[in-house]
Amino acid sequence: MNINSTVLLTLILLFLMLGSGSVSAFLGFNLGSMALKGVNTPDGRPSTTKFSAGKNNNQPGGVTFLKEEDILKTVKARMEGKAKDTQAEKQEEEEEIIASKSESQDKPQEAVEEKLQPGFPIAAESEGVTMSVQSVRYSGGDLLLKVKMRNKGADSVRFLYSFLDVTDDKGRTLSAITEGLPSELPAKGQEFTGTVSIPTALLDDVKKISLALTDYPAQKLKLQLADIPVEK
């Protein structure tokens with residue numbers, strides 16, 4: 001029988017592969033054996049010599065077990081010490097608070113006097129009602145006038161601040177907004193403070209302004225404050 005050349009070639013290649021694999025395995029095994037010479041397996045058995053020596057002899061390397069009573073005593077002592085420290089701190093804080101209160105009560109209350117600008121206040125009075133401008137200042141885009149009002153009369157007085165007449169030194173009427181002034185001043189009441197704001201765009205080349213206010217609806221009194229300096 002004639003053997004096919006392809007089959008013969010396949011068998012030859014197969015035998016070569018098996019031979020080379022066997023040679024590689026043999027060489028690898030020999031190299032591994034040579035590399036592991038002198039290497040020993042670690043001893044995994046637990047050593048009890050130290051523990052037994054520690055129990056039998058009080059050596060520095062032995063394990064010493066603390067008694068439960070000693071541990072509880074130590075913890076209790078530390079807790080009591082912390083409690084005493086916190087109580088002492090609270091007591092010191094309370095003493096400081098009491099001392100500061102007593103000092104503040106012993107010191108006389110000093111009256112804070114308002115520092116007025118030169119030429120102020122500018123005041124007017126009518127029928128027991130007083131109105132005064134304490135100061136003027138520019139803030140943002142407005143001129144702010146600090147105004148105080150008080151009614152010393154026996155009857156309450158009502159006002160509509162839309163009737164507040166503001167004019168400059170050239171006789172022109174200026175628009176103004178009031179804030180904080182009450183619509184009614186009680187009889188023999190306290191002093192009220194508010195502001196009158198005027199846009200700075202209306203105050204070009206203006207050096208002085210005037211205020212005029214009357215009550216509503218009776219219009220029995222007239223408060224006039226003239227020549228209020230507003231020059232920057």
Side-chain angles (χ1 to χ4, degrees), residues 93-232:
E93 291 178 358
E94 291 177 355
E95 291 177 355
E96 290 178 358
I97 293 172
I98 295 172
S100 61
K101 287 183 178 180
S102 61
E103 288 179 0
S104 61
Q105 291 177 356
D106 293 339
K107 291 181 180 179
Q109 295 182 353
E110 298 179 357
V112 179
E113 296 182 358
E114 182 181 3
K115 293 182 179 180
L116 298 176
Q117 297 175 351
F120 289 90
I122 298 174
E125 184 175 356
S126 177
E127 302 293 332
V129 178
T130 59
M131 180 179 181
S132 64
V133 176
Q134 301 292 314
S135 62
V136 296
R137 64 183 179 91
Y138 287 90
S139 176
D142 295 323
L143 171 68
L144 302 180
L145 286 75
K146 184 178 180 181
V147 178
K148 288 187 177 182
M149 298 184 67
R150 186 175 184 180
N151 181 14
K152 300 178 181 178
D155 299 323
S156 61
V157 182
R158 297 182 63 189
F159 291 98
L160 282 179
Y161 295 102
S162 58
F163 290 166
L164 178 64
D165 187 15
V166 183
T167 56
D168 60 10
D169 50 7
K170 297 178 178 59
R172 297 174 296 188
T173 302
L174 306 176
S175 62
I177 300 175
T178 60
E179 294 181 359
L181 295 176
S183 59
E184 182 175 357
L185 290 177
K188 298 181 180 180
Q190 63 181 5
E191 191 174 48
F192 295 90
T193 303
T195 57
V196 177
S197 58
I198 304 170
T200 55
L202 305 176
L203 299 174
D204 292 338
D205 300 329
V206 175
K207 297 181 179 179
K208 295 180 180 180
I209 63 173
S210 300
L211 303 179
L213 181 65
T214 184
D215 60 327
Y216 179 85
Q219 297 185 2
K220 293 182 179 180
L221 57 89
K222 192 170 185 180
L223 300 168
Q224 291 183 333
L225 292 85
D227 298 331
I228 302 171
V230 295
E231 189 176 6
K232 293 183 181 179

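Note that these values count all heavy atoms, side chains included, but never hydrogens, waters or copies made by symmetry. Computed from a predicted structure; not experimentally measured.
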Just verifying a value: how many Å separate [X] [atom1] and [Y] [atom2], rounded to the nearest 0.5 Å?
| X | Y | atom1 | atom2 | answer |
| --- | --- | --- | --- | --- |
| K208 | L203 | NZ | CG | 15.0 Å |
| Q224 | S126 | CD | OG | 9.0 Å |
| D155 | E127 | CG | CD | 10.0 Å |

May I have the list of side-chain donor-acceptor pairs in residues 173-202 shorter than 3.5 Å, sequence neighbours left out?
residue, atom, partner, partner atom, Å
E184, OE2, S156, OG, 3.1
S197, OG, I177, O, 3.3
T200, OG1, G141, O, 3.1

Would you mind writing out the side-chain donor-acceptor pairs for residues 211-218 within the sub-3.5 Å range, not counting sequence neighbours?
residue, atom, partner, partner atom, Å
T214, OG1, L221, O, 2.6
D215, OD1, Q219, N, 3.0
D215, OD1, K220, N, 2.8
D215, OD1, L221, N, 3.3
D215, OD2, Q219, N, 3.4
D215, OD2, K220, N, 3.4

### Query
Do F159 and M149 have side-chain heavy atoms sitting under 4.5 Å apart?
yes
## Note on the structure
In short, ring-ring contact (aromatic ring centres under 6.0 Å, His included) pairs touching residues 121-147 with sequence neighbours left out are none
Among residues at least two apart in sequence or on other chains, which ones pass side-chain hydrogen bond (donor to acceptor under 3.5 Å, both in side chains) with [X]?
| X | answer |
| --- | --- |
| D168 | R172 |
| S132 | Q134 |
| R158 | none |

[X] and [Y]: which non-hydrogen atoms are nearest, and at how many Å?
| X | Y | answer |
| --- | --- | --- |
| L144 | S139 | CD1-CB, 3.8 Å |
| L225 | M131 | CD2-O, 3.7 Å |
| I122 | A226 | CG2-O, 4.1 Å |

### Query
So with a 6.0 Å cut-off around CG of D165, is the heavy-atom count from everything else above 12?
yes
